[in-house]
Amino acid sequence: MGKGIQSVRGFSDVLPAESPLWQRAETVIRDTLESYAYREIRLPVVERTELFKRSIGEVTDIVEKEMYTFEDRNGDSLTLRPEGTAGCVRAGVEHGFLNRGEPRLWYMGPMFRHERPQRGRLRQFHQVGAEAFGVAAPELDVEMIAMTARMLGRLGLADDVRLEINSLGTPEARAVHRERLVAYLREHIDSLDDDSRRRLETNPLRIFDSKDAGVQAVMEGAPRLLDALDEESAAHFATVRNLLDRLGIEYTVNPALVRGLDYYTRTVFEWITDRLGAQGTVCAGGRFDGLVGQLGGRPTPAIGFALGLERLVALLAERAGSGEFDGAPHAYMVVGADPGEALRLAEALRDRLPGLRLEVHPGSAGFKGQLKRADRSGAAVALILGEEEVAAGRVAVKSLRGEGGQRAVARDDLPEVLAALLVETRRAD
RNA sequence: GUGAGCGUAGCUCAGUGGUAGAGCCCCGGAUUGUGGCUCCGGUGGUCGUGGGUUCGAUCCCCAUCGCUCACCCCA
(Lines give C-alpha, C1' and ligand atoms only; values in the text may rest on other atoms or scores of the structure.)
Protein backbone atom coordinates (compact mmCIF):
# COMPACT_ATOMS: atom_id res chain seq x y z
CA MET A 1 0.00 0.00 0.00
CA GLY A 2 2.56 2.53 1.04
CA LYS A 3 4.95 0.84 -1.33
CA GLY A 4 5.94 1.49 -4.86
CA ILE A 5 4.98 4.27 -7.19
CA GLN A 6 1.38 5.40 -6.98
CA SER A 7 -0.71 7.13 -9.57
CA VAL A 8 -0.66 10.90 -9.65
CA ARG A 9 -3.27 12.66 -7.55
CA GLY A 10 -6.46 13.08 -9.48
CA PHE A 11 -5.38 10.64 -12.20
CA SER A 12 -7.19 7.40 -11.72
CA ASP A 13 -7.30 3.95 -13.24
CA VAL A 14 -10.39 2.41 -14.73
CA LEU A 15 -10.08 -1.16 -13.54
CA PRO A 16 -11.38 -4.21 -15.43
CA ALA A 17 -14.32 -4.46 -13.06
CA GLU A 18 -15.57 -1.05 -14.19
CA SER A 19 -14.56 -0.98 -17.83
CA PRO A 20 -17.65 -2.84 -19.08
CA LEU A 21 -19.75 0.04 -17.84
CA TRP A 22 -17.52 2.51 -19.63
CA GLN A 23 -17.76 0.50 -22.81
CA ARG A 24 -21.52 0.41 -22.61
CA ALA A 25 -21.72 4.15 -22.06
CA GLU A 26 -19.34 4.84 -24.93
CA THR A 27 -21.17 2.53 -27.29
CA VAL A 28 -24.58 3.99 -26.59
CA ILE A 29 -23.28 7.52 -26.88
CA ARG A 30 -21.45 6.82 -30.12
CA ASP A 31 -24.45 5.13 -31.67
CA THR A 32 -26.71 7.97 -30.66
CA LEU A 33 -24.38 10.62 -32.04
CA GLU A 34 -24.15 8.76 -35.31
CA SER A 35 -27.90 8.46 -35.53
CA TYR A 36 -27.99 12.26 -35.60
CA ALA A 37 -25.33 12.35 -38.32
CA TYR A 38 -22.47 13.53 -36.14
CA ARG A 39 -19.03 12.35 -37.22
CA GLU A 40 -16.02 11.68 -35.11
CA ILE A 41 -13.05 14.00 -34.98
CA ARG A 42 -9.92 13.06 -33.05
CA LEU A 43 -8.04 15.95 -31.58
CA PRO A 44 -4.70 16.36 -29.84
CA VAL A 45 -4.55 16.45 -26.08
CA VAL A 46 -2.06 19.31 -26.16
CA GLU A 47 -2.68 22.72 -27.70
CA ARG A 48 -1.00 26.09 -27.56
CA THR A 49 -1.84 27.80 -24.30
CA GLU A 50 -3.01 30.85 -26.20
CA LEU A 51 -5.91 28.91 -27.70
CA PHE A 52 -7.53 28.34 -24.33
CA LYS A 53 -6.86 31.82 -23.10
CA ARG A 54 -8.62 33.27 -26.09
CA SER A 55 -11.57 30.90 -26.10
CA ILE A 56 -12.38 30.04 -22.51
CA GLY A 57 -11.62 33.51 -21.21
CA GLU A 58 -8.62 34.99 -19.42
CA VAL A 59 -10.37 35.57 -16.13
CA THR A 60 -12.07 32.20 -15.77
CA ASP A 61 -10.98 29.79 -13.04
CA ILE A 62 -9.96 27.30 -15.66
CA VAL A 63 -7.45 29.59 -17.31
CA GLU A 64 -6.35 31.40 -14.18
CA LYS A 65 -5.54 28.47 -11.99
CA GLU A 66 -6.50 25.09 -13.36
CA MET A 67 -4.54 24.52 -16.53
CA TYR A 68 -1.66 22.12 -16.89
CA THR A 69 0.65 24.46 -18.71
CA PHE A 70 4.26 23.81 -19.50
CA GLU A 71 6.98 25.02 -21.74
CA ASP A 72 7.96 22.93 -24.72
CA ARG A 73 11.66 22.43 -25.38
CA ASN A 74 11.59 25.20 -27.94
CA GLY A 75 10.03 27.63 -25.51
CA ASP A 76 6.41 27.47 -26.69
CA SER A 77 3.78 27.53 -23.99
CA LEU A 78 1.62 24.43 -24.30
CA THR A 79 -1.35 23.24 -22.28
CA LEU A 80 -3.08 19.94 -21.67
CA ARG A 81 -6.59 20.63 -22.91
CA PRO A 82 -9.03 21.51 -20.11
CA GLU A 83 -11.98 21.09 -22.48
CA GLY A 84 -12.64 20.10 -26.06
CA THR A 85 -14.45 22.89 -27.84
CA ALA A 86 -11.45 25.14 -28.32
CA GLY A 87 -9.42 22.45 -30.03
CA CYS A 88 -12.35 21.45 -32.17
CA VAL A 89 -12.88 24.98 -33.41
CA ARG A 90 -9.13 25.40 -33.92
CA ALA A 91 -9.08 22.30 -36.09
CA GLY A 92 -12.09 23.51 -38.03
CA VAL A 93 -10.55 26.89 -38.76
CA GLU A 94 -7.16 25.37 -39.51
CA HIS A 95 -8.55 22.90 -42.03
CA GLY A 96 -11.18 25.24 -43.35
CA PHE A 97 -14.09 22.85 -43.04
CA LEU A 98 -16.34 24.90 -40.80
CA ASN A 99 -18.03 26.65 -43.68
CA ARG A 100 -18.28 23.71 -46.03
CA GLY A 101 -21.73 22.50 -45.29
CA GLU A 102 -22.81 22.43 -41.66
CA PRO A 103 -20.39 20.06 -40.03
CA ARG A 104 -21.49 18.02 -37.05
CA LEU A 105 -18.62 16.65 -35.03
CA TRP A 106 -18.08 14.64 -31.91
CA TYR A 107 -15.06 13.60 -29.92
CA MET A 108 -14.27 11.65 -26.81
CA GLY A 109 -11.23 11.69 -24.61
CA PRO A 110 -9.37 12.89 -21.55
CA MET A 111 -9.37 16.49 -20.33
CA PHE A 112 -7.16 17.96 -17.64
CA ARG A 113 -7.82 20.49 -14.93
CA HIS A 114 -5.75 21.02 -11.83
CA GLU A 115 -8.54 21.13 -9.27
CA ARG A 116 -8.89 19.60 -5.86
CA PRO A 117 -10.30 16.13 -6.51
CA GLN A 118 -13.62 15.19 -4.98
CA ARG A 119 -16.56 13.05 -5.85
CA GLY A 120 -17.27 13.35 -9.57
CA ARG A 121 -14.18 15.44 -10.16
CA LEU A 122 -10.73 14.32 -11.22
CA ARG A 123 -7.73 16.07 -12.66
CA GLN A 124 -7.79 13.82 -15.65
CA PHE A 125 -11.39 13.23 -16.57
CA HIS A 126 -13.16 12.16 -19.70
CA GLN A 127 -15.64 13.98 -21.80
CA VAL A 128 -17.72 13.25 -24.81
CA GLY A 129 -18.33 16.42 -26.72
CA ALA A 130 -20.22 17.33 -29.86
CA GLU A 131 -20.31 20.53 -31.83
CA ALA A 132 -22.46 21.59 -34.77
CA PHE A 133 -21.43 24.54 -36.91
CA GLY A 134 -23.05 26.91 -39.34
CA VAL A 135 -26.63 26.79 -38.13
CA ALA A 136 -28.16 29.59 -36.09
CA ALA A 137 -31.69 28.22 -36.04
CA PRO A 138 -33.14 27.27 -32.64
CA GLU A 139 -34.25 23.95 -34.12
CA LEU A 140 -30.64 22.83 -33.87
CA ASP A 141 -30.50 23.73 -30.19
CA VAL A 142 -33.52 21.60 -29.56
CA GLU A 143 -32.30 18.72 -31.65
CA MET A 144 -29.08 18.68 -29.71
CA ILE A 145 -30.93 18.67 -26.42
CA ALA A 146 -33.13 15.88 -27.73
CA MET A 147 -30.03 13.94 -28.68
CA THR A 148 -28.58 14.22 -25.19
CA ALA A 149 -31.95 13.26 -23.76
CA ARG A 150 -31.93 10.19 -25.97
CA MET A 151 -28.47 9.15 -24.83
CA LEU A 152 -29.40 9.43 -21.21
CA GLY A 153 -32.66 7.65 -21.85
CA ARG A 154 -31.02 4.79 -23.70
CA LEU A 155 -28.68 4.37 -20.78
CA GLY A 156 -31.65 4.07 -18.46
CA LEU A 157 -30.94 7.32 -16.65
CA ALA A 158 -34.04 9.26 -17.59
CA ASP A 159 -35.27 9.23 -14.00
CA ASP A 160 -31.93 10.28 -12.57
CA VAL A 161 -31.48 13.56 -14.38
CA ARG A 162 -33.41 16.75 -15.01
CA LEU A 163 -32.97 19.38 -17.64
CA GLU A 164 -32.41 23.06 -16.94
CA ILE A 165 -32.16 25.68 -19.65
CA ASN A 166 -31.50 29.37 -19.90
CA SER A 167 -30.58 31.99 -22.44
CA LEU A 168 -27.54 34.20 -22.10
CA GLY A 169 -28.48 36.37 -25.07
CA THR A 170 -25.88 38.11 -27.16
CA PRO A 171 -22.59 39.34 -25.73
CA GLU A 172 -23.88 42.90 -26.20
CA ALA A 173 -27.08 42.35 -24.29
CA ARG A 174 -25.16 40.50 -21.65
CA ALA A 175 -22.68 43.33 -21.26
CA VAL A 176 -25.46 45.88 -20.83
CA HIS A 177 -27.19 43.70 -18.29
CA ARG A 178 -23.98 43.04 -16.48
CA GLU A 179 -23.36 46.73 -16.03
CA ARG A 180 -26.84 47.23 -14.66
CA LEU A 181 -26.49 44.25 -12.38
CA VAL A 182 -23.15 45.35 -11.02
CA ALA A 183 -24.48 48.86 -10.43
CA TYR A 184 -27.44 47.42 -8.56
CA LEU A 185 -25.23 45.17 -6.49
CA ARG A 186 -22.88 47.96 -5.59
CA GLU A 187 -25.85 49.77 -4.07
CA HIS A 188 -26.42 46.75 -1.88
CA ILE A 189 -22.79 45.92 -1.30
CA ASP A 190 -23.33 45.89 2.46
CA SER A 191 -25.72 42.97 2.17
CA LEU A 192 -23.32 40.86 0.15
CA ASP A 193 -21.14 38.20 1.68
CA ASP A 194 -17.44 37.86 0.83
CA ASP A 195 -18.15 35.24 -1.75
CA SER A 196 -20.60 37.44 -3.60
CA ARG A 197 -18.31 40.45 -3.46
CA ARG A 198 -15.63 38.42 -5.11
CA ARG A 199 -18.05 37.26 -7.76
CA LEU A 200 -19.04 40.84 -8.36
CA GLU A 201 -15.69 41.25 -10.05
CA THR A 202 -15.49 37.88 -11.75
CA ASN A 203 -18.93 36.60 -12.61
CA PRO A 204 -21.79 38.62 -11.15
CA LEU A 205 -24.40 36.35 -12.71
CA ARG A 206 -23.24 33.64 -10.34
CA ILE A 207 -24.44 35.65 -7.40
CA PHE A 208 -27.96 34.62 -8.36
CA ASP A 209 -27.37 31.17 -6.95
CA SER A 210 -25.72 32.27 -3.76
CA LYS A 211 -26.70 30.16 -0.77
CA ASP A 212 -26.60 33.10 1.58
CA ALA A 213 -30.10 34.14 2.69
CA GLY A 214 -29.27 37.83 2.87
CA VAL A 215 -27.81 37.76 -0.59
CA GLN A 216 -30.82 35.89 -1.86
CA ALA A 217 -33.06 38.66 -0.60
CA VAL A 218 -31.03 41.24 -2.47
CA MET A 219 -31.15 39.18 -5.63
CA GLU A 220 -34.94 39.17 -5.56
CA GLY A 221 -34.86 42.72 -6.79
CA ALA A 222 -31.88 42.43 -9.08
CA PRO A 223 -32.22 42.97 -12.82
CA ARG A 224 -32.58 39.65 -14.62
CA LEU A 225 -30.72 38.71 -17.71
CA LEU A 226 -33.76 37.00 -19.15
CA ASP A 227 -35.65 40.31 -19.01
CA ALA A 228 -32.78 42.08 -20.69
CA LEU A 229 -32.49 39.81 -23.69
CA ASP A 230 -32.35 41.42 -27.09
CA GLU A 231 -35.39 40.78 -29.23
CA GLU A 232 -33.84 38.13 -31.41
CA SER A 233 -32.46 36.18 -28.50
CA ALA A 234 -35.79 36.34 -26.76
CA ALA A 235 -37.53 35.00 -29.85
CA HIS A 236 -34.89 32.33 -30.23
CA PHE A 237 -35.40 31.22 -26.67
CA ALA A 238 -39.16 31.22 -27.04
CA THR A 239 -38.84 28.91 -30.02
CA VAL A 240 -36.51 26.61 -28.12
CA ARG A 241 -39.04 26.32 -25.32
CA ASN A 242 -41.89 25.82 -27.71
CA LEU A 243 -40.09 23.03 -29.55
CA LEU A 244 -39.02 21.30 -26.38
CA ASP A 245 -42.66 21.28 -25.38
CA ARG A 246 -43.65 19.80 -28.70
CA LEU A 247 -41.08 17.05 -28.31
CA GLY A 248 -42.35 16.36 -24.84
CA ILE A 249 -39.00 17.07 -23.26
CA GLU A 250 -39.42 18.36 -19.74
CA TYR A 251 -37.28 21.20 -18.50
CA THR A 252 -37.16 24.06 -16.10
CA VAL A 253 -35.93 27.52 -16.92
CA ASN A 254 -33.19 28.47 -14.52
CA PRO A 255 -32.32 32.15 -14.87
CA ALA A 256 -29.26 31.57 -12.72
CA LEU A 257 -27.89 28.96 -15.07
CA VAL A 258 -24.59 30.29 -16.32
CA ARG A 259 -21.95 28.38 -18.17
CA GLY A 260 -18.52 28.82 -16.79
CA LEU A 261 -16.84 29.52 -20.08
CA ASP A 262 -16.91 32.94 -21.64
CA TYR A 263 -17.80 31.91 -25.13
CA TYR A 264 -21.38 30.83 -24.57
CA THR A 265 -24.25 32.80 -26.09
CA ARG A 266 -28.01 32.38 -26.13
CA THR A 267 -29.20 28.89 -25.31
CA VAL A 268 -27.45 27.04 -22.52
CA PHE A 269 -28.59 23.79 -20.98
CA GLU A 270 -27.56 21.39 -18.31
CA TRP A 271 -28.53 17.86 -17.29
CA ILE A 272 -28.32 17.62 -13.53
CA THR A 273 -28.55 14.75 -11.11
CA ASP A 274 -29.03 14.72 -7.35
CA ARG A 275 -27.38 11.34 -6.97
CA LEU A 276 -23.74 12.30 -7.22
CA GLY A 277 -23.21 14.72 -4.37
CA ALA A 278 -22.02 18.20 -5.08
CA GLN A 279 -20.92 17.70 -8.66
CA GLY A 280 -24.33 17.17 -10.14
CA THR A 281 -23.83 18.30 -13.72
CA VAL A 282 -23.61 15.29 -15.99
CA CYS A 283 -23.94 16.99 -19.33
CA ALA A 284 -23.95 20.64 -20.27
CA GLY A 285 -23.78 22.75 -23.36
CA GLY A 286 -24.95 25.70 -25.28
CA ARG A 287 -24.46 28.04 -28.19
CA PHE A 288 -21.21 29.76 -28.89
CA ASP A 289 -21.99 31.88 -31.90
CA GLY A 290 -19.02 34.16 -31.43
CA LEU A 291 -16.21 31.73 -30.82
CA VAL A 292 -15.28 30.79 -34.36
CA GLY A 293 -14.83 34.43 -35.30
CA GLN A 294 -12.89 35.03 -32.13
CA LEU A 295 -10.46 32.32 -33.10
CA GLY A 296 -9.86 33.72 -36.54
CA GLY A 297 -12.48 31.91 -38.57
CA ARG A 298 -15.32 33.37 -40.56
CA PRO A 299 -18.06 34.20 -38.06
CA THR A 300 -20.01 30.99 -37.77
CA PRO A 301 -22.81 30.12 -35.39
CA ALA A 302 -22.26 26.97 -33.39
CA ILE A 303 -23.61 24.90 -30.57
CA GLY A 304 -22.16 22.07 -28.55
CA PHE A 305 -22.25 20.08 -25.39
CA ALA A 306 -19.89 18.17 -23.17
CA LEU A 307 -20.73 15.16 -21.11
CA GLY A 308 -18.67 13.96 -18.16
CA LEU A 309 -18.05 10.27 -18.52
CA GLU A 310 -16.93 9.65 -14.95
CA ARG A 311 -20.16 11.16 -13.71
CA LEU A 312 -22.22 9.25 -16.21
CA VAL A 313 -20.53 5.97 -15.32
CA ALA A 314 -21.05 6.70 -11.64
CA LEU A 315 -24.77 6.97 -12.32
CA LEU A 316 -24.72 3.77 -14.34
CA ALA A 317 -22.90 2.01 -11.54
CA GLU A 318 -25.69 2.95 -9.15
CA ARG A 319 -28.24 1.61 -11.58
CA ALA A 320 -26.32 -1.49 -12.61
CA GLY A 321 -28.34 -4.61 -12.07
CA SER A 322 -27.19 -8.14 -11.44
CA GLY A 323 -27.34 -9.20 -15.07
CA GLU A 324 -24.63 -6.74 -15.97
CA PHE A 325 -22.00 -7.87 -18.43
CA ASP A 326 -18.83 -8.46 -16.48
CA GLY A 327 -16.40 -9.50 -19.21
CA ALA A 328 -16.26 -13.10 -18.02
CA PRO A 329 -15.49 -15.72 -20.65
CA HIS A 330 -18.28 -17.89 -22.00
CA ALA A 331 -16.16 -20.99 -21.83
CA TYR A 332 -13.00 -22.17 -20.12
CA MET A 333 -11.02 -24.96 -21.66
CA VAL A 334 -9.59 -27.55 -19.32
CA VAL A 335 -6.53 -29.15 -20.83
CA GLY A 336 -5.24 -32.70 -20.47
CA ALA A 337 -2.12 -34.33 -21.76
CA ASP A 338 -2.04 -32.52 -25.09
CA PRO A 339 -2.02 -28.73 -24.61
CA GLY A 340 -1.14 -28.21 -28.25
CA GLU A 341 -4.33 -29.92 -29.34
CA ALA A 342 -6.28 -27.71 -26.97
CA LEU A 343 -4.80 -24.58 -28.51
CA ARG A 344 -5.61 -25.85 -31.99
CA LEU A 345 -9.18 -26.57 -31.03
CA ALA A 346 -9.54 -23.19 -29.35
CA GLU A 347 -8.29 -21.37 -32.44
CA ALA A 348 -10.69 -23.35 -34.60
CA LEU A 349 -13.57 -22.41 -32.33
CA ARG A 350 -12.65 -18.74 -32.48
CA ASP A 351 -12.61 -19.01 -36.28
CA ARG A 352 -16.13 -20.32 -36.26
CA LEU A 353 -17.53 -18.14 -33.48
CA PRO A 354 -16.05 -14.64 -33.48
CA GLY A 355 -18.23 -13.57 -30.55
CA LEU A 356 -17.03 -16.37 -28.30
CA ARG A 357 -15.04 -15.41 -25.25
CA LEU A 358 -12.90 -18.46 -24.65
CA GLU A 359 -10.14 -18.85 -22.10
CA VAL A 360 -7.78 -21.78 -22.40
CA HIS A 361 -5.93 -23.02 -19.38
CA PRO A 362 -2.31 -22.26 -20.06
CA GLY A 363 -0.28 -25.44 -19.94
CA SER A 364 -1.78 -28.44 -18.24
CA ALA A 365 -2.35 -29.21 -14.61
CA GLY A 366 -4.59 -31.34 -12.48
CA PHE A 367 -8.24 -31.28 -13.47
CA LYS A 368 -9.23 -30.25 -10.02
CA GLY A 369 -7.20 -27.08 -10.08
CA GLN A 370 -8.25 -26.31 -13.62
CA LEU A 371 -11.92 -26.74 -12.84
CA LYS A 372 -11.50 -24.43 -9.89
CA ARG A 373 -10.01 -21.81 -12.16
CA ALA A 374 -12.73 -22.41 -14.68
CA ASP A 375 -15.32 -21.77 -12.02
CA ARG A 376 -13.62 -18.62 -10.78
CA SER A 377 -13.22 -17.24 -14.27
CA GLY A 378 -16.96 -16.81 -14.29
CA ALA A 379 -17.34 -18.94 -17.42
CA ALA A 380 -20.68 -20.57 -18.07
CA VAL A 381 -19.16 -23.87 -19.14
CA ALA A 382 -15.93 -25.79 -18.95
CA LEU A 383 -14.73 -27.53 -22.10
CA ILE A 384 -12.79 -30.55 -20.95
CA LEU A 385 -10.28 -31.93 -23.37
CA GLY A 386 -8.54 -34.81 -21.61
CA GLU A 387 -6.96 -37.92 -22.98
CA GLU A 388 -10.24 -39.81 -23.11
CA GLU A 389 -11.92 -37.02 -25.03
CA VAL A 390 -9.10 -36.61 -27.50
CA ALA A 391 -9.09 -40.34 -28.16
CA ALA A 392 -12.84 -40.34 -28.74
CA GLY A 393 -12.90 -37.16 -30.81
CA ARG A 394 -15.12 -35.49 -28.28
CA VAL A 395 -15.13 -32.67 -25.80
CA ALA A 396 -16.80 -32.83 -22.42
CA VAL A 397 -19.01 -29.80 -21.92
CA LYS A 398 -19.60 -29.23 -18.27
CA SER A 399 -21.98 -26.60 -17.00
CA LEU A 400 -20.47 -24.49 -14.26
CA ARG A 401 -23.66 -22.71 -13.34
CA GLY A 402 -26.66 -24.27 -11.73
CA GLU A 403 -26.79 -28.05 -11.66
CA GLY A 404 -23.42 -28.70 -13.17
CA GLY A 405 -24.36 -31.42 -15.60
CA GLN A 406 -21.83 -32.67 -18.10
CA ARG A 407 -22.11 -34.27 -21.49
CA ALA A 408 -19.77 -35.51 -24.16
CA VAL A 409 -20.07 -33.61 -27.41
CA ALA A 410 -18.58 -34.68 -30.72
CA ARG A 411 -15.98 -32.19 -31.94
CA ASP A 412 -18.03 -31.43 -35.02
CA ASP A 413 -21.03 -30.51 -32.92
CA LEU A 414 -19.15 -28.29 -30.55
CA PRO A 415 -19.52 -25.00 -32.49
CA GLU A 416 -23.25 -25.51 -32.58
CA VAL A 417 -23.46 -26.16 -28.87
CA LEU A 418 -21.40 -23.08 -28.10
CA ALA A 419 -23.41 -20.98 -30.52
CA ALA A 420 -26.50 -21.88 -28.54
CA LEU A 421 -24.71 -20.88 -25.39
CA LEU A 422 -23.88 -17.51 -26.90
CA VAL A 423 -27.50 -16.87 -27.71
CA GLU A 424 -28.44 -17.77 -24.18
CA THR A 425 -25.97 -15.40 -22.58
CA ARG A 426 -26.42 -12.57 -25.02
CA ARG A 427 -28.98 -10.99 -22.78
CA ALA A 428 -26.38 -10.41 -20.14
CA ASP A 429 -24.02 -8.75 -22.58
C1' G B 1 -6.68 27.62 -3.03
C1' U B 2 -9.89 26.90 1.98
C1' G B 3 -12.17 23.53 5.64
C1' A B 4 -13.41 18.83 7.91
C1' G B 5 -12.85 13.48 8.46
C1' C B 6 -9.75 9.34 7.64
C1' G B 7 -4.83 6.42 6.56
C1' U B 8 -3.58 -1.13 10.38
C1' A B 9 -3.02 -7.68 5.28
C1' G B 10 -5.19 -7.50 -1.88
C1' C B 11 -10.50 -5.85 0.19
C1' U B 12 -13.86 -4.51 4.58
C1' C B 13 -12.47 -3.35 9.33
C1' A B 14 -11.20 -4.59 14.92
C1' G B 15 -7.29 -3.40 18.45
C1' U B 16 -3.80 -2.04 22.95
C1' G B 17 1.78 2.88 25.66
C1' G B 18 5.11 -3.15 25.93
C1' U B 19 7.35 -4.92 19.11
C1' A B 20 -0.52 -6.93 15.75
C1' G B 21 -5.88 -9.59 14.83
C1' A B 22 -10.90 -11.12 12.35
C1' G B 23 -13.90 -11.88 8.03
C1' C B 24 -13.55 -12.08 2.78
C1' C B 25 -9.91 -12.99 -1.11
C1' C B 26 -5.64 -15.91 -2.49
C1' C B 27 -2.62 -20.69 -2.15
C1' G B 28 -2.51 -25.90 -0.56
C1' G B 29 -4.91 -30.38 1.43
C1' A B 30 -9.45 -33.85 2.54
C1' U B 31 -6.01 -40.80 -2.30
C1' U B 32 -6.57 -42.07 -8.72
C1' G B 33 -9.76 -37.13 -14.58
C1' U B 34 -14.08 -32.79 -12.16
C1' G B 35 -15.30 -26.55 -9.73
C1' G B 36 -19.19 -24.51 -6.33
C1' C B 37 -20.78 -26.28 -0.27
C1' U B 38 -18.07 -27.92 4.17
C1' C B 39 -13.69 -28.97 7.07
C1' C B 40 -8.29 -28.45 7.92
C1' G B 41 -3.82 -25.85 7.01
C1' G B 42 -0.92 -21.77 4.88
C1' U B 43 1.17 -17.08 2.43
C1' G B 44 0.79 -12.06 3.35
C1' G B 45 1.52 -5.98 7.19
C1' U B 46 8.83 -2.00 8.58
C1' C B 47 0.29 -0.42 11.53
C1' G B 48 1.14 5.99 5.02
C1' U B 49 6.05 8.60 5.74
C1' G B 50 9.51 11.57 8.77
C1' G B 51 10.45 13.64 13.34
C1' G B 52 9.28 14.34 18.74
C1' U B 53 7.71 12.66 23.88
C1' U B 54 8.80 7.95 26.46
C1' C B 55 12.71 2.78 29.23
C1' G B 56 9.47 1.48 25.10
C1' A B 57 4.72 4.18 20.04
C1' U B 58 0.64 1.10 15.62
C1' C B 59 -1.60 3.87 19.89
C1' C B 60 0.24 10.45 22.48
C1' C B 61 2.25 15.25 19.89
C1' C B 62 4.09 17.85 15.36
C1' A B 63 4.99 17.86 10.32
C1' U B 64 4.42 15.79 5.62
C1' C B 65 2.14 12.87 1.87
C1' G B 66 -2.18 10.42 0.37
C1' C B 67 -7.47 9.36 0.36
C1' U B 68 -12.52 11.09 1.09
C1' C B 69 -16.24 14.77 1.41
C1' A B 70 -17.60 19.81 1.24
C1' C B 71 -16.53 25.11 -0.25
C1' C B 72 -15.00 27.36 -4.77
C1' C B 73 -15.56 26.01 -9.69
C1' C B 74 -17.11 22.73 -13.24
C1' A B 75 -18.28 17.77 -17.15
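The chains referred to below are lettered A, B, ... by the order of the sequence lines, with proteins before strands, and numbering in each begins at 1. These numbers were taken from a predicted model, which means no experiment stands behind them.
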query: When you look for runs of 3 or more Watson-Crick or G-U pairs in a row, both distances below 3.5 Å, which of them include RNA chain B?
result: B:1-7 with B:65-71, B:10-13 with B:21-24, B:26-30 with B:38-42, B:48-52 with B:60-64
task: Provide, to the nearest angstrom, the distance between the CZ atom belonging to A:Arg311 and the P atom belonging to B:rC69.
output: 12 Å
- request: Name all residues meeting the side-chain contact (heavy atoms from CB on, under 4.5 Å) criterion together with A:Pro110; count only those two or more places apart in sequence or in a different chain, and write none if there are none.
  value: A:Val45, A:Arg81, A:Phe112, A:Gln124, A:His126
message: Is there, by distance only and without an angle test, a donor paired with an acceptor across the side chain of A:Gln406 and the base of B:rG35 below 3.5 Å?
response: no
query: With a 4.0 Å cut-off, would you call A:Asp141 and A:Arg266 a salt bridge?
result: no
- prompt: Near RNA chain B, which residues from residues 367-376 of chain A have a heavy atom under 4.0 Å away?
  reply: A:Phe367, A:Lys368, A:Leu371, A:Lys372, A:Arg373, A:Asp375, A:Arg376
Distance-only donor-acceptor pairs under 3.5 Å for side chains of residues 377-385 of chain A, two or more places apart:
unit_1, atom_1, unit_2, atom_2, d
A:Ser377, OG, A:Ala374, O, 2.7
A:Ser377, OG, A:Ala379, N, 3.1

query: Is any side-chain N or O of A:Gln118 closer than 4.0 Å to OP1 or OP2 of B:rA70?
result: yes
message: Suppose the criterion is salt bridge (Lys or Arg N to Asp or Glu O under 4.0 Å): which pairs have a residue in residues 364-387 of chain A, not counting sequence neighbours?
response: A:Asp375-A:Arg401
task: Report the distance from atom CD1 of A:Ile56 to atom P of B:rC74, rounded to the nearest whole Å.
output: 11 Å
- prompt: With distance as the sole criterion, do the side chain of A:Arg9 and the base of B:rC65 form a donor-acceptor contact below 3.5 Å?
  reply: no
Residue A:Arg116, side-chain heavy atoms: nucleotide from B:rC73, B:rA70, B:rG66 that is nearest: B:rA70
message: Using the side-chain contact (heavy atoms from CB on, under 4.5 Å) criterion, which residues pair with A:Ala346? Sequence neighbours excluded.
response: A:Met333, A:Arg350, A:Leu358, A:Val360
- line: Whole-Å distance, A:Lys65 NZ to B:rG1 C1', equals 6 Å
message: Just to verify, what does A:Phe288 make a ring-ring contact (aromatic ring centres under 6.0 Å, His included) with, not counting sequence neighbours?
response: A:Tyr263
message: Can you list, in residue-number order, the parts of residues 152-168 of chain A that come under 4.0 Å of RNA chain B, counting heavy atoms only?
response: none
Minimum-distance nucleotide to A:Arg113 side chain [options: B:rG35, B:rA75, B:rU34]: B:rA75
message: Within residues 280-291 of chain A, which residues have any heavy atom lying less than 4.0 Å from an atom of RNA chain B?
response: A:Thr281, A:Val282, A:Cys283, A:Ala284
Could you go over nucleotides 38-43 of chain B and give all protein N or O partners under 3.5 Å, atom names and distances?
none

Side chain to side chain donor-acceptor pair (under 3.5 Å) evaluation trace for A:Thr265 with A:Arg287: CA-CA 5 Å; A:Thr265 54; A:Arg287 277 206 163 268; over 6 Å; no
Verdict with reasoning, A:Glu131 to A:Tyr107, per side chain to side chain donor-acceptor pair (under 3.5 Å): CA-CA 9 Å; A:Glu131 329 280 1; A:Tyr107 52 83; 2.8 Å; yes
query: Quick one: A:Arg401 CZ to B:rU34 C1', roughly how many Å, whole number?
result: 14 Å
task: Considering only atom P, compute the distance from B:rG21 to B:rG45 and round it to an integer number of Å.
output: 14 Å
- request: Only pairs at least two apart or in different chains count here, so list each ring pair (Phe, Tyr, Trp, His ring centres under 6.0 Å) that has a residue in residues 180-203 of chain A.
  value: A:Tyr184-A:His188
task: Take A:Arg197 and A:Asp193, measure what salt bridge (charged side-chain N to carboxylate O under 4.0 Å, His left out) needs, and give me the verdict at the end.
output: CA-CA 6 Å; A:Arg197 286 181 199 182; A:Asp193 60 354; over 6 Å; no
message: Check this for me, if you would: do A:Arg411 and A:Glu341 make a salt bridge, where the nitrogen-to-carboxylate-oxygen distance has to be below 4.0 angstrom?
response: yes
message: Tell me if the side-chain of A:Arg199 makes a donor-acceptor pair with the base of B:rC73, cut-off 3.5 Å, by modelled atom types.
response: no
Minimum-distance nucleotide (side-chain atoms of A:Glu388 versus B:rC69, B:rG33, B:rC71): B:rG33
query: Residues two or more places apart in sequence or in another chain: which of them pass side-chain contact (heavy atoms from CB on, under 4.5 Å) with A:Val135?
result: A:Glu102, A:Ala137, A:Leu140
